[in-house]
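For the numbers below, each heavy atom of this structure counts, side chains included, while hydrogens, waters and symmetry mates do not. Chain letters run A, B, ... following the sequence lines, proteins first, then strands; residues in each count from 1.
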2 protein chains.
Amino acid sequence: MYCISDLAEEFGITTRTIRYYEELGLLKPSRTEGGRRIYSSSDLARLKLVLRGKRFGFSLEEIKEMVLLFDEDRTGEKQLKVTIQYGEEKLAEVNERIAELVEIKEEIERLMTEFKGRLEG
Amino acid sequence: MYCISDLAEEFGITTRTIRYYEELGLLKPSRTEGGRRIYSSSDLARLKLVLRGKRFGFSLEEIKEMVLLFDEDRTGEKQLKVTIQYGEEKLAEVNERIAELVEIKEEIERLMTEFKGRLEG
DNA sequence: TATAGCATTGACGTTAACGTAAAGAGCAAG
DNA sequence: CTTGCTCTTTACGTTAACGTCAATGCTATA
């Protein structure tokens with residue numbers, strides 16, 4: 001169990017950010033009798049997921065969709081199918097982003113070798 | 001040669017966006033006698049680069065750095081070395097982002113196969 | 001129990017990346 | 001040449017993702 005400033009330090013973000021994520025429904029820590037937030041290790045894992053999502057450009061709303069998706073009741077078959085459908089869409093998105101990044105990478109590499117050639121030549 | 005609305009339609013963005021990019025120094029179209037913007041195919045290529053940069057999460061300021069970098073006078077050896085240095089930093093960034101994306105991809109895939117297993121099992 | 005140090009909830013401020021509206025000028029078609 | 005559409009600049013508005021007080025409350029410790 002961690003308090004909010006523990007989490008903040010651990011992940012290198014501010015407490016304001018953590019409260020904001022909660023405001024958006026991304027986190028749901030329990031509370032002490034006095035009203036202070038306490039975070040379990042599953043809250044911690046959740047936050048880790050959120051931050052990773054952010055790092056490669058998803059909006060907090062998109063991230064919310066994703067984390068809530070894997071959080072709802074998924075006992076029914078229909079629900080499960082919808083989840084799989086959605087997951088595959090996200091997977092396609094991710095694959096597209098990877099492909100684009102690889103293109104950029106190659107473009108930069110081409111430029112770099114050209115410049116290096118100029119230096120030596 | 002294209003006018004501003006041609007570009008907008010071509011790329012699915014607004015004319016405001018295009019003017020904003022010019023405001024930031026990302027584009028420098030020539031003008032007609034009457035003051036209207038005209039875009040060459042190199043301006044078009046430039047815009048394509050900008051949009052690609054955006055799609056995977058770079059800020060317009062970062063993108064500006066990158067496009068201006070490959071645009072300046074790079075005749076001097078010193079300048080060339082700096083350029084290569086900078087390019088390699090960007091390359092490292094891109095590689096990191098790719099690695100992260102691949103991790104996410106695998107995480108989603110694991111979840112998907114798990115869910116599918118539940119459906120069949 | 002008093003106090004120092006985090007915690008809480010408002011609530012207003014900030015920045016990037018545009019949206020939108022106004023007032024005027026260019027330009028092709030009739 | 002005038003009508004109608006597109007373009008121009010100027011300028012204020014908006015949204016996401018927080019930053020930054022301010023006023024107040026909990027709590028460990030001396």
Side-chain angles (χ1 to χ4, degrees), chain A residues 1-40 43-44 46-68 90 93 97 100 104, chain B residues 1-40 43-44 46-68 90 93 97 100 104:
Chain A
M1 297 305 196
Y2 315 83
C3 75
I4 192 165
S5 56
D6 291 343
L7 272 206
E9 194 174 355
E10 173 79 17
F11 290 105
I13 58 184
T14 69
T15 60
R16 175 66 176 97
T17 299
I18 297 175
R19 291 197 194 92
Y20 180 61
Y21 290 172
E22 182 177 346
E23 201 176 307
L24 291 187
L26 289 170
L27 297 171
K28 291 186 183 166
S30 43
R31 301 279 183 140
T32 70
E33 184 126 340
R36 298 194 168 190
R37 294 166 173 85
I38 32 181
Y39 299 88
S40 70
D43 291 320
L44 197 138
R46 167 74 65 94
L47 181 52
K48 199 179 284 187
L49 255 173
V50 171
L51 294 177
R52 175 176 289 175
K54 280 222 58 190
R55 249 170 314 181
F56 64 95
F58 284 133
S59 75
L60 290 176
E61 272 309 308
E62 284 178 303
I63 294 170
K64 182 178 176 181
E65 272 184 72
M66 300 179 74
V67 300
L68 291 190
K90 275 294 163 192
E93 270 183 48
R97 292 208 190 197
E100 265 184 344
I104 305 260
Chain B
M1 296 305 196
Y2 315 84
C3 75
I4 192 166
S5 57
D6 290 344
L7 272 205
E9 194 174 356
E10 172 80 17
F11 289 104
I13 58 183
T14 68
T15 59
R16 175 66 175 96
T17 298
I18 297 176
R19 290 197 194 95
Y20 179 61
Y21 290 172
E22 181 177 345
E23 201 176 308
L24 292 187
L26 289 170
L27 297 171
K28 294 191 180 160
S30 43
R31 302 280 183 138
T32 70
E33 184 126 339
R36 300 194 166 188
R37 292 167 174 85
I38 31 180
Y39 298 89
S40 69
D43 291 319
L44 197 139
R46 167 75 63 97
L47 180 52
K48 197 178 284 184
L49 255 173
V50 171
L51 294 178
R52 173 175 291 174
K54 279 223 61 191
R55 248 171 313 180
F56 64 96
F58 284 133
S59 75
L60 290 176
E61 271 309 308
E62 285 178 302
I63 294 170
K64 182 178 175 180
E65 273 185 71
M66 299 178 73
V67 300
L68 290 191
K90 276 292 163 192
E93 270 182 48
R97 291 209 189 197
E100 264 183 346
I104 306 262

Student: Look at the side chain of B/Arg19 and decide which nucleotide, out of D/dG19, D/dT9, C/dA17, has an atom nearest to it.
Tutor: D/dT9

Student: Return the 5'-most residue of the pair B/Gly35, A/Gly35 with respect to DNA chain C, ranking by each residue's nearest nucleotide.
Tutor: A/Gly35

Student: Write down the distance between CD1 (A/Ile18) and C1' (D/dT20), rounded to a whole number of angstrom.
Tutor: 17 Å

Student: When you get a sec, tell me which of D/dT6, C/dA7, C/dC18 is the closest nucleotide to the side chain of B/Thr17?
Tutor: C/dC18

Student: Looking at side-chain heavy atoms only, is the closest gap between A/Val50 and A/Leu60 below 4.5 Å?
Tutor: yes

Student: Starting from P on D/dT8, measure out to CG on B/Leu7 and report it in whole angstrom.
Tutor: 11 Å

Student: Figure out the NZ/C1' separation between A/Lys64 and D/dC18, and round it to whole Å.
Tutor: 17 Å

Student: Using whole Å, what does the distance between atom P of nucleotide D/dT6 and atom CD of B/Glu9 come to?
Tutor: 11 Å

Student: Do A/Tyr39 and A/Leu47 come close enough that some side-chain heavy atom pair is under 4.5 Å?
Tutor: no

Student: Calculate the interatomic distance between A/Tyr20 atom OH and D/dT20 atom C1'; express it in whole Å.
Tutor: 16 Å

Student: Here's a test of your reading of the structure: between A/Glu33 and A/Thr14, which maps to the more 5' nucleotide of DNA chain D?
Tutor: A/Thr14

Student: State which of D/dC7, D/dT8, C/dA11 makes the closest approach to the side chain of B/Cys3.
Tutor: D/dC7

Student: Whether the side chain of B/Arg37 and the base of D/dT8 hold a donor-acceptor pair under 3.5 Å is what I'd like checked.
Tutor: no

Student: Which nucleotide wins on minimum distance to the side chain of B/Lys54, given the candidates C/dT8, D/dA17, C/dA17?
Tutor: C/dA17

Student: Among C/dA17, D/dT8, C/dT8, which nucleotide has an atom closest to any side-chain atom of B/Ile4?
Tutor: D/dT8

Student: Take B/Ser59 and B/Arg16, find for each the nucleotide of DNA chain C with the closest heavy atom, and name the residue whose nucleotide sits nearer the 5' end.
Tutor: B/Ser59

Student: If you check the B/Thr32 side chain, which of C/dC27, D/dC26, D/dC7 turns out closest?
Tutor: C/dC27

Student: Please step through side chain to side chain contact (heavy atoms under 4.5 Å, CB included) for the pair B/Arg37 and B/Arg19, ending with a clear verdict.
Tutor: CA-CA 10 Å; B/Arg37 292 167 174 85; B/Arg19 290 197 194 95; 3.5 Å; yes

Student: Please determine whether a side-chain nitrogen or oxygen atom of A/Tyr21 lies at a distance below 4.0 Å from atom OP1 or OP2 of D/dC18.
Tutor: yes

Student: Could you check whether B/Leu24 gets within reach of a base, just the sugar-phosphate, or nothing at all, counting any heavy atom under 4.0 Å?
Tutor: nothing

Student: Closest nucleotide of DNA chain D for B/Glu23 versus for B/Thr15: which of these residues is on the 5' side?
Tutor: B/Thr15

Student: Please determine whether the number of non-hydrogen atoms from other residues, nucleotides or ligands lying under 6.0 Å from atom CD of B/Glu62 exceeds 12.
Tutor: yes

